[in-house]
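The basis for the numbers below is simple: all heavy atoms, side chains too, and nothing from hydrogens, waters or symmetry mates.
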Amino acid sequence: MSTRLDIASVGMVTAVGLDSPSACAAMRARLDGFQETRFVGSGTDLLIGAPVPLPRDWIGEKRMAHLAAAAICEAFETIPQARGQTALILCLAEEDRPGRPAGDSVRLLRNVSEITEIEPNMRSRIVAHGRTSGHIALDQARRMIASGEVPYVMIAGVDSYLTAPAIAYYLGENRLLAADNPNGFIPGEAAAAVLCTGSRGDGLRLFGLGLARESATIYNAEDLPLRADGMTSAYSAAFKETGIEMNRLGYRIADLIGEQYWFKQSALASLRLLRGRHDFQDIWSPGESLGNVGAAVVPLMIGMAWMAARKGYAAGNPVLIEASNDAGACGAAILAARAA
């Protein structure tokens with residue numbers, strides 16, 4: 001599918017900045033938002049997390065609604081004419097994920113729409129696939145714009161692992177970073193939004209998209225060897241649609257949340273596809289500063305790439321943005337500031 005999709009503006013609310021310029025500057029400087037939380041780990045030590053420093057102590061669904069709304073409103077600031085003609089795609093945690101921060105997704109969508117004054121109509125929708133939600137939303141957004149349904153689509157992701165049920169579950173699965181577990185992730189939270197359109201030529205443009213599934217998941221019950229077949233397929237589909245080989249890629253941004261599994265998956269996919277002469281391909285990850293931010297990660301990574309291109313510090317062109325979730329869903333998107 002070759003439908004043009006441009007990223008016109010972005011917004012972020014993170015543990016290292018409450019807007020996209022400050023958050024991206026902090027991540028570029030390798031600052032982090034890690035601090036002790038009120039949760040106790042497997043021993044007596046307090047767990048490290050990356051909470052967003054909101055001015056009010058909202059919790060649960062209300063907190064998620066205001067996080068998402070703040071990111072969306074920032075994205076609208078530079079394109080005010082998009083208000084009133086924008087469909088919202090809200091990226092959320094998987095419906096069955098233990099400790100998901102908002103139990104009623106439809107109510108959350110309605111609350112976010114009310115705060116941001118986006119008309120909650122039939123065009124708005126929910127994508128609840130965790131960290132890969134943003135890739136699915138990109139595919140939906142370009143189809144909506146290609147069909148002429150709407151001139152703008154706002155893809156917003158919001159998530160948090162800083163809930164008592166989530167902490168209890170991931171501690172039980174031995175997946176949280178702690179003094180006695182170096183192979184774990186830091187629970188975080190964030191919201192990010194990207195305003196997509198088909199009519200602007202000066203933003204970051206989507207050139208290729210790939211979606212696939214990995215059999216050897218992190219909860220691999222059959223003990224299958226990890227060959228990164230899912231991520232390799234997602235990469236391949238994105239490159240095929242873009243019309244380039246991987247050796248022409250500038251750099252990557254990946255949701256490497258801290259566990260070895262995700263580093264290995266990304267490395268294997270790259271090794272299997274990278275052929276011929278190529279320049280150094282850097283790899284960035286918001287996880288270094290924010291921990292695991294779940295469904296917010298793809299809009300966040302797109303925002304990182306958009307800001308880097310805009311400010312002139314991108315590590316190359318084009319950029320590949322990858323994400324995968326615990327159930328094995330894999331996504332890869334190739335974006336560029338000019339023709340790849």
>> Under 6.0 Å between ring centres: does that hold for Tyr251 and Phe280?
In response: no
>> Quick one, Arg83 with Thr116, criterion side-chain hydrogen bond (donor to acceptor under 3.5 Å, both in side chains). Give me CA distance, side-chain angles, the key distance, then yes/no.
In response: CA-CA 9 Å; Arg83 283 191 176 276; Thr116 58; 5.9 Å; no
> Got a salt bridge between Arg131 and Asp159, using NZ or NE/NH1/NH2 to carboxylate O under 4.0 Å?
Replying inline: no
> In terms of side-chain heavy atoms, does Asp19 have a donor or acceptor partner in Ser22 at a distance below 3.5 Å?
Replying inline: yes
> In terms of side-chain geometry, is the basic nitrogen of Arg175 or Asp326 positioned less than 4.0 Å from the acidic oxygen of its partner?
Replying inline: yes
> Taking Ser124 for the side chain and Leu88 for the main chain, is one N or O donor matched with an acceptor at less than 3.5 Å?
Replying inline: yes
> Salt bridge or not for Glu245 and Arg275, using N-O below 4.0 Å?
Replying inline: no
>> Quick check on the hydrophobic clustering: are Ile186 and Leu47 connected, directly or via other members, by side-chain heavy-atom contacts under 4.5 Å?
In response: no
> Given side chains that start at C-beta, do those of Val319 and Ile253 come closer than 4.5 Å, heavy atoms only?
Replying inline: yes
>> Keeping Asn317 on the side-chain end and Ala337 on the backbone end, is there a donor-acceptor pair under 3.5 Å?
In response: yes
> Is it true that Arg227 and Glu214 make a salt bridge, defined as a side-chain N closer than 4.0 Å to a carboxylate O?
Replying inline: no
> Any Lys/Arg nitrogen of Glu288 or Arg28 sitting under 4.0 Å from an Asp/Glu carboxylate oxygen of the other?
Replying inline: no
>> Could you go through Arg252 and Glu322, starting from their C-alpha distance and side-chain angles, then the distance that decides it, and tell me whether this counts as salt bridge (charged side-chain N to carboxylate O under 4.0 Å, His left out)?
In response: CA-CA 8 Å; Arg252 290 182 288 160; Glu322 67 174 82; 3.6 Å; yes
> Would you find a donor on one side and an acceptor on the other, under 3.5 Å apart, between the side chain of Thr217 and the backbone of Tyr219?
Replying inline: yes
> So which of Ile155, Val106, Leu109 actually passes side-chain contact (heavy atoms from CB on, under 4.5 Å) with Leu90?
Replying inline: Leu109
> Under 6.0 Å from the six-membered ring centre of Tyr169 and within 45° of its axis: does the NZ or CZ of Arg97 meet both?
Replying inline: no
> For the hydrophobic clusters of this structure (ILVMFWY residues joined by side-chain heavy atoms under 4.5 Å, transitively), does one cluster hold both Val16 and Ile302?
Replying inline: yes
> Hey, are the side chains of Leu18 and Val52 touching, using non-hydrogen atoms and a 4.5 Å cut-off?
Replying inline: yes
>> Between the side chains of Asp279 and Arg248, is the shortest nitrogen-to-carboxylate-oxygen separation below 4.0 Å, so that they form an ion pair?
In response: no
>> For Phe185 and Tyr170, take the angle between the two ring planes, folded into 0 to 90°, and tell me which bin it lands in: parallel under 30, tilted 30 to 60, perpendicular over 60.
In response: perpendicular
> Quick check: does any side chain N or O of Thr163 sit under 3.5 Å from a backbone N or O of Pro101, one acting as donor and the other as acceptor?
Replying inline: no
